[in-house]
> 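My questions will all concern the structure given below.
In the text below, chain A, chain B and the rest are named by the order of the sequence lines, each starting its count at 1.
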2 protein chains.
Amino acid sequence: MEVTGHMPAQDAPRTRSASIWDVARVAGVSQQTVSRVINGKARVSEATRARVLQVIAELGYRPNRLAQALAGGPVRSVTVLTSDTALYGAAATLRGMEEAARTAGFSVGISVLERNSGQADIALRLNRPGEAVMVIAFDDAGVRALRALPADVPVAAAVERRPDDGPDDPWQIWLDDRAAAAHATRYLLSLGHQTVHYVAIPSSTSALPQRTQGWQDALGAAGRPLPEPLPGGWSPRSGYLAVRSLLADRSVTAILCGNDDLALGVMRAAREAGRDIPGDLSVVGFDDSPPSAYLNPSLTTVRLDFEGLGRACFGLLHRRLDPQNAPAVPAWSEPELIVRESSGPPPA
Amino acid sequence: MEVTGHMPAQDAPRTRSASIWDVARVAGVSQQTVSRVINGKARVSEATRARVLQVIAELGYRPNRLAQALAGGPVRSVTVLTSDTALYGAAATLRGMEEAARTAGFSVGISVLERNSGQADIALRLNRPGEAVMVIAFDDAGVRALRALPADVPVAAAVERRPDDGPDDPWQIWLDDRAAAAHATRYLLSLGHQTVHYVAIPSSTSALPQRTQGWQDALGAAGRPLPEPLPGGWSPRSGYLAVRSLLADRSVTAILCGNDDLALGVMRAAREAGRDIPGDLSVVGFDDSPPSAYLNPSLTTVRLDFEGLGRACFGLLHRRLDPQNAPAVPAWSEPELIVRESSGPPPA
DNA sequence: AGAGAGAATGTGATCGATAACATTACCTAT
DNA sequence: ATAGGTAATGTTATCGATCACATTCTCTCT
C-alpha cells in the first residue's frame, strides 16, 4: 500500500512505501512509540502496541534497515568475505554462516575475493565503517583479506588450523584437520601400507599446511619413510597432474589427498596407469563432499563439519557484537574418517 | 585514523571513522563539495578535487553506503534470493551474479530460501523498501519467492526455461535446457538406442519440467516409445533410488538424467545391478559440474553456462535500474553436449 | 493531602549523505 | 559599462530511524 509524504515535509507529496511516520500518524502515536513497538522496547501499553501492529499490517510497513543502522540501532548486518564459493569447503561454510546469521535476524552480504584483490579493495567492499565481517580464510586470498581489514571492523574468521606455535586470536575458529590427516594416515598404515604419499591443497599461509603437517606427524611417529608432499591445487585436474609421474612407481600403494576433488583426479590418473583401486592403490580424500559416496569406487574420506563451523563462526561474531545477549557459540562436529571402497590393504 | 565530531554538533565528541564532514573541514570545503568529488559530479575545480582526494586518502575516509542510499543516491546494492547454494547450478549462477554486481560497484546480499519460506518472510529479507533483487528461481521455493516480492521491488530472475505458452516477462532470463534435453536424447537415439529413459529434477512450477519436455519432444519426433519419466530430486541418492527397479529390465539401455548428481547415483545403481557403463547402459547427465570429466567412467553431460547466465541476469537488472547508463546485457553460451565415456551404442 | 517513583508517551537532535536551490565570481557579448 | 550566462561553491532540507531527554499521568506510601 502506497501512502504519501511524512510529517516534517508535506509540500512535495510523493508516492512510496509506508514509513514509520505514516504508521505513527494512522495509529495516532509518535514515531518513537512505533519504534518502541517494532524493537520490542519497554514503555508501551498493550493497547497501544496492538493498535500499532494492526496499522503496520494494514499499511504493509517494512522497516528500513539502512535507516536503523544509520540512526544507531543494533548491528544487524554482516558481510562475508570468501574465495571461490563453488569449492565444497567454502560453500558449506558459507551456508552455515548465512543460515545462522539470517536466523538471528541479520542481513548477510557476500563479497568474493579474487586472487589479486588488493589491500585498498577490502575496506571498500564493506557497506560502512564498522561493518561486521566474517572471513572464510581457508586460502591465501582469505588470509590476506583478514589482515587487510581496518581495525574498527568487528570480525570473526573461519581459518585453516593454526600451527601450535601460531598466534592466538579468540575470534578465529577452525577444524582440526591436522589431527584428521594424522588419523587418516595412521588408518592407511594400519592396513599394512609401508608409507603414505600426500597430494596437498595450497596453504593459506607461508607455514606448512596443517593437513600436510598431520600426515608428517603420523609418518614420523610410526618411523615410516617420509615422502615429499606433492603440491596440488583445489581441482580434480590438479590432482590428476600431481601424481602422473608418481604412479609409475608400483611401490606406491597409498595416497592421501588434501580434498576430495584431488582424490578424484588421482583416481583417474591411477586408472589410466592401470592401477586398480583399492587392490593396487588406496586413495583417501578429505572433506566428504556430497558425491563421494557414489563415486566408482566410493571414496574413503575425512568428513569435516564445515556447516557447523560456519554456524559457530557466526556465533562467535554475535558474541563479539553483543556479549550480554548473544547465545552460546554452537558446537561443531569433530572430523571423522569415513571408510568406503577406495581404500584397502596393499597388494600382497 | 579516528577523528571527532562533525559540524552541526560539537558538544559530545566521540571517536569514530572519518565522515564526509571531517573531510570537508580538513579540506576547507563544504560537505556537498566532497560529495561531488566522490560521486564524480560536475562543478568542482581540478585544484579543489585534488585537495579533497588528498584529504580523503590521509583520513582514510570510506563512504557510508547506508547513508548514501538513504539520502537518495543511486541504487548500488542488490539482494540475491536463492535456494541451496551447494547445488552446482545455483552456486555457479550466484558466482556470476556476484562477480558482475561487484564489478559494477554494487554491494551484494544473499538470503537463502528454505522450503517453507513464507510469503510474509520474503519482504522482510530485504534491507529496505525498493531494494533491488535477483532471484535464482530454478526450483519451486525460488519461484514462490519471486511471486511474493512486493510490486515496488526492481527484480531480475534466472528461471527455468519458460514453456512456449508461458507468460512473457522481460526481466526473466533462462538457459534453453528444453532444447538441450532434446539434443541429448537425439544423440542417444543416434547411437542406436531404441528409446531413452529420463530421471527428472523437480519442476520449479506446476508445469511439466522443461528438461522433461525436451526429452519427450525428441522421442515424439522420432516416433520412439515414450516411457514415464522417473521423478528424482537433486542429489545422487535420489538418482540411485529412482532407478533401482528400472535397472532389472535389461532392455533399458539409455538413461538421461536431469543433473550430474542424479547421473552419479544412477551409475552406482547400475554397477550394483551388474550393468556395465556404457556397454550395457548409457548414462547422460546435465550441467557439466566440475567433477564430471574425472568420474569413472567420465560423464557425458550437457554443459550449461550458469555463470554467464548469472552475469547476464545482473546486466538485466542493471538496465532496469539505470536504462540510460547501464551497459548491454552480456551474452551467455548456449548449452553444449559434452560426450565422454559414459555413453555409447547399445549392446548388440 | 502531599511527595516520590514509575509507566507511558512525545519532542528534538542526530546519524552520514545527497537533492534542491541559493549565492558569488568571472567571463563574454553588446 | 552593463547584462546575461556559466562555473564553482555553499546552505538548507531531507531521507527513515533511534537516542537522549522531557513531559504528563497515575499509583503508592507516609
Side-chain angles (χ1 to χ4, degrees), chain A residues 3-14 16-25 27-49 51-52 56 59 61-76 127-131, chain B residues 3-14 16-25 27-49 51-52 56 59 61-76 127-131:
Chain A
V3 294
T4 63
H6 84 74
M7 215 80 81
Q10 297 193 346
D11 52 351
R14 297 173 297 172
R16 29 155 216 92
S17 302
S19 76
I20 204 166
W21 288 97
D22 301 308
V23 177
R25 191 172 55 240
V29 296
S30 71
Q31 32 88 20
Q32 177 58 232
T33 299
V34 178
S35 179
R36 289 198 181 97
V37 170
I38 63 180
N39 289 304
K41 293 282 176 77
R43 312 297 191 204
V44 184
S45 75
E46 194 51 44
T48 300
R49 186 174 158 276
R51 192 167 73 245
V52 170
I56 283 172
L59 297 190
Y61 165 74
R62 283 168 283 149
N64 185 325
R65 286 170 178 266
L66 310 188
Q68 286 179 331
L70 193 61
V75 176
R76 286 222 188 88
N127 281 336
R128 54 168 182 160
E131 168 92 345
Chain B
V3 294
T4 63
H6 84 75
M7 215 79 84
Q10 297 193 349
D11 54 351
R14 297 173 297 172
R16 28 155 215 92
S17 302
S19 76
I20 204 166
W21 286 98
D22 302 308
V23 175
R25 191 174 55 240
V29 297
S30 72
Q31 33 87 20
Q32 177 59 231
T33 298
V34 177
S35 179
R36 288 197 182 97
V37 170
I38 63 180
N39 289 303
K41 294 282 177 77
R43 309 299 193 205
V44 183
S45 74
E46 195 51 44
T48 299
R49 184 173 158 277
R51 191 166 72 246
V52 169
I56 282 170
L59 297 189
Y61 166 74
R62 282 168 285 147
N64 186 326
R65 284 170 179 266
L66 311 187
Q68 285 178 331
L70 193 60
V75 175
R76 285 222 189 87
N127 280 337
R128 54 170 180 157
E131 167 91 344

> Base, sugar-phosphate, or nothing: which does A:V44 touch, judged by heavy atoms less than 4.0 Å apart?
sugar-phosphate
> Mind calculating the distance between CZ (B:R25) and P (D:dT11) to the nearest angstrom?
14 Å
> Any side-chain N or O of A:N39 under 4.0 Å from OP1/OP2 of D:dT18?
yes
> Between N or O atoms, less than 3.5 Å apart, protein on one side and nucleotides 19-21 of chain D on the other: list the pairs.
from	atom 1	to	atom 2	distance (Å)
D:dC19	OP2	A:K41	NZ	3.0
D:dC19	N4	A:Q32	NE2	2.1

> What integer distance in Å separates B:R128:CZ from D:dG16:P?
10 Å
> At what distance, to the nearest 0.5 angstrom, does CG of B:L70 lie from CZ of B:R128?
8.5 Å
> Given D:dT11, is OP1 or OP2 found less than 4.0 Å from the side-chain N or O atoms of B:S30?
no
> Go through C:dT9, D:dT18, D:dA7 for me and flag the one nearest to the A:T33 side chain.
C:dT9
> Looking across every strand, which nucleic acid part, if any, lies under 4.0 Å from A:R62 by heavy atom: base, sugar-phosphate, or nothing?
sugar-phosphate
> Whole Å only: how far is the CG atom of A:D22 from the P atom of D:dC15?
11 Å
> Could you tell me how far apart A:L70 (CG) and C:dT18 (P) are, to the nearest whole angstrom?
12 Å
> Could you work out which one of D:dG16, C:dA17, C:dT9 sits closest to the side chain of A:R43?
C:dT9
> C:dC15 P sits how many Å from B:N64 CG, rounded?
12 Å
> Quick one: A:Q68 CD to C:dG16 C1', roughly how many Å, whole number?
16 Å
> Between the main-chain N or O of A:K41 and the side-chain N or O of A:R36, is there a donor-acceptor pair closer than 3.5 Å?
no
> What's the CH2-P distance between A:W21 and D:dA13, to the nearest Å?
15 Å
> Output the single nucleotide from D:dA17, C:dG16, C:dT9 whose closest atom is nearest the side chain of A:T48.
C:dT9
> Quick one: B:I38 CD1 to C:dA17 C1', roughly how many Å, whole number?
8 Å
> How far does CZ of B:R25 sit from CG of B:L59, to the nearest 0.5 angstrom?
9.0 Å
> Is the count of non-hydrogen atoms from other residues, nucleotides or ligands lying under 6.0 Å from A:R49 atom CZ greater than 12?
no
> At what distance, to the nearest 0.5 angstrom, does CG of A:N127 lie from CZ of B:R76?
12.0 Å
> With rounding to the nearest 0.5 Å, note down the distance linking CD in B:Q31 to CD1 in B:I38.
10.0 Å
> Where do B:Y61 and B:I20 come nearest, in terms of heavy atoms and distance?
CE1-N, 3.6 Å
> Side-chain N or O of B:S45 versus OP1/OP2 of D:dT9: is the shortest distance under 4.0 Å?
yes
